[in-house]
2 protein chains.
Amino acid sequence: MQGKDTCDIYCYDEEKVNRIQQLMTNVDLLKVAKLFKALSDENRAKIVYSLCEDDELCVCDIANIIGSTVANTSHHLRTLHKQGIVKYRREGKLVFYSLDDEHMRQLMLIGLEHVEEVKANV
Amino acid sequence: MQGKDTCDIYCYDEEKVNRIQQLMTNVDLLKVAKLFKALSDENRAKIVYSLCEDDELCVCDIANIIGSTVANTSHHLRTLHKQGIVKYRREGKLVFYSLDDEHMRQLMLIGLEHVEEVKANV
DNA sequence: CATACAATCAAATGATTATTTAAATGACCA
DNA sequence: TGGTCATTTAAATAATCATTTGATTGTATG
């Protein structure tokens, strides 16, 4: 029934493995990984945090906030947009970015809570 | 008061920029970025999801679930542990991993919700 | 129409990161 | 104590990603 003792490759609990693999077919963990990857850069985390504090910001304001070039900022915003994290609207020459939905504010909040707690435990 | 029109470098709203930069000094966005980076790999996302579905799993079970080598799995688990995402306990020859706290379940849940919604909008 | 400027794009470089392989721990058991 | 097995570590390679630079697009305005 189970492979807890010696088997050809390694020990493993076949039942558990199968059950979880089955559950995993229902969720898109590659997409989730990509979502987190978009948030995994300090500059992009700063952008998302900024958009938690201010509803709308134009590209050059964001560039100034994160202390980077406009080209680099635009690049990062594209990455965030591809994952549905930010949206934008054009107003004349300016392009204003904002958070796409409430999920991002929640993720950032929980993330910040977590690192505060971890820091406290050290 | 504001730099909305031509300035030496670029247009920007100095007041906004300063306000948000000030707010950013209170939070550790580098740590948050590192946290998300740990979740930004498909294999590690699979590990965290697996640990949402099963309280405890040993290394070789996890290796089988994600379909990778034990060495590689161990490497990923180390990455997750460094960010306070998973914890472990030793029982004889086996090492059992579990989620460190409830935050991770929340992050994974919100992440999954988000990618489902984004997918629906395409 | 030409100029100015915000933003984007494309190519190149430098830096990080995932994965593999092989060797090393650390714990049990005969 | 010697051997086996689960896990970890180290070093090397392969792959991915961030940033810079220079050129381009799109929009307003003189």
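All chains are named by letter (A, B, ...) in the order of the sequence lines, taking the proteins before the strands, and each is independently numbered beginning at 1.
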For this session: By nearest nucleotide on DNA chain D, pick out whichever of Arg78(B) and Ser68(A) is the more 5' one.
Result: Arg78(B)

Exercise. In terms of the nearest nucleotide of DNA chain D, which residue is placed more toward the 5' end: Arg44(A) or Val59(B)?
Worked result: Val59(B)

When the distance from [atom1] of [X] to [atom2] of [N] is rounded to whole Å, what number comes out?
X        : N       : atom1 : atom2 : value
Asn72(A) : dT20(D) : CG    : P     : 6 Å
Leu80(B) : dA18(C) : CG    : P     : 10 Å
Leu94(A) : dA28(D) : CG    : P     : 10 Å
His76(B) : dA18(C) : NE2   : P     : 6 Å
His75(B) : dA11(D) : NE2   : P     : 13 Å
Asp61(A) : dC5(C)  : CG    : C1'   : 15 Å
Ile62(B) : dT7(D)  : CD1   : P     : 9 Å
Phe96(A) : dA7(C)  : CZ    : P     : 8 Å

So if I take every side-chain heavy atom of [X] and compare against [options], which nucleotide ends up nearest?
X        : options                   : answer
Val95(A) : dA18(C), dA7(C), dG26(C)  : dA7(C)
Lys37(A) : dT16(D), dT19(C), dA22(C) : dT16(D)
Asp41(A) : dG22(D), dA7(C), dT19(D)  : dT19(D)
Asn43(A) : dT9(D), dT19(D), dT8(C)   : dT19(D)
Cys58(B) : dT7(D), dA7(C), dA6(D)    : dT7(D)

For this session: Just call it for Tyr88(A): base, sugar-phosphate, or nothing, with non-hydrogen atoms closer than 4.0 Å on any strand.
Result: nothing

For this session: Respond yes when some side-chain nitrogen or oxygen of Lys93(A) is under 4.0 Å from OP1 or OP2 of dA4(C), and no when none is.
Result: no

For this session: Considering just the side-chain nitrogens and oxygens of Tyr97(A), establish if one lies under 4.0 Å of OP1 or OP2 belonging to dT8(C).
Result: yes

Problem set entry | Inter-residue atom distance Lys87(B).NZ - His81(B).NE2, 0.5 Å rounding | 9.5 Å

Exercise. Would you call the rings of Tyr97(A) and Tyr88(A) parallel, tilted or perpendicular if under 30° counts as parallel and over 60° as perpendicular?
Worked result: tilted

For this session: Considering only NZ, NE, NH1 and NH2 on the basic side and carboxylate oxygens on the acidic side, decide whether Arg89(B) and Glu91(B) come within less than 4.0 Å.
Result: yes

For this session: Would you please test Asp41(B) and Lys37(A) for salt bridge (charged side-chain N to carboxylate O under 4.0 Å, His left out) and show each step?
Result: CA-CA 7 Å; Asp41(B) 176 88; Lys37(A) 186 167 292 176; 5.8 Å; no

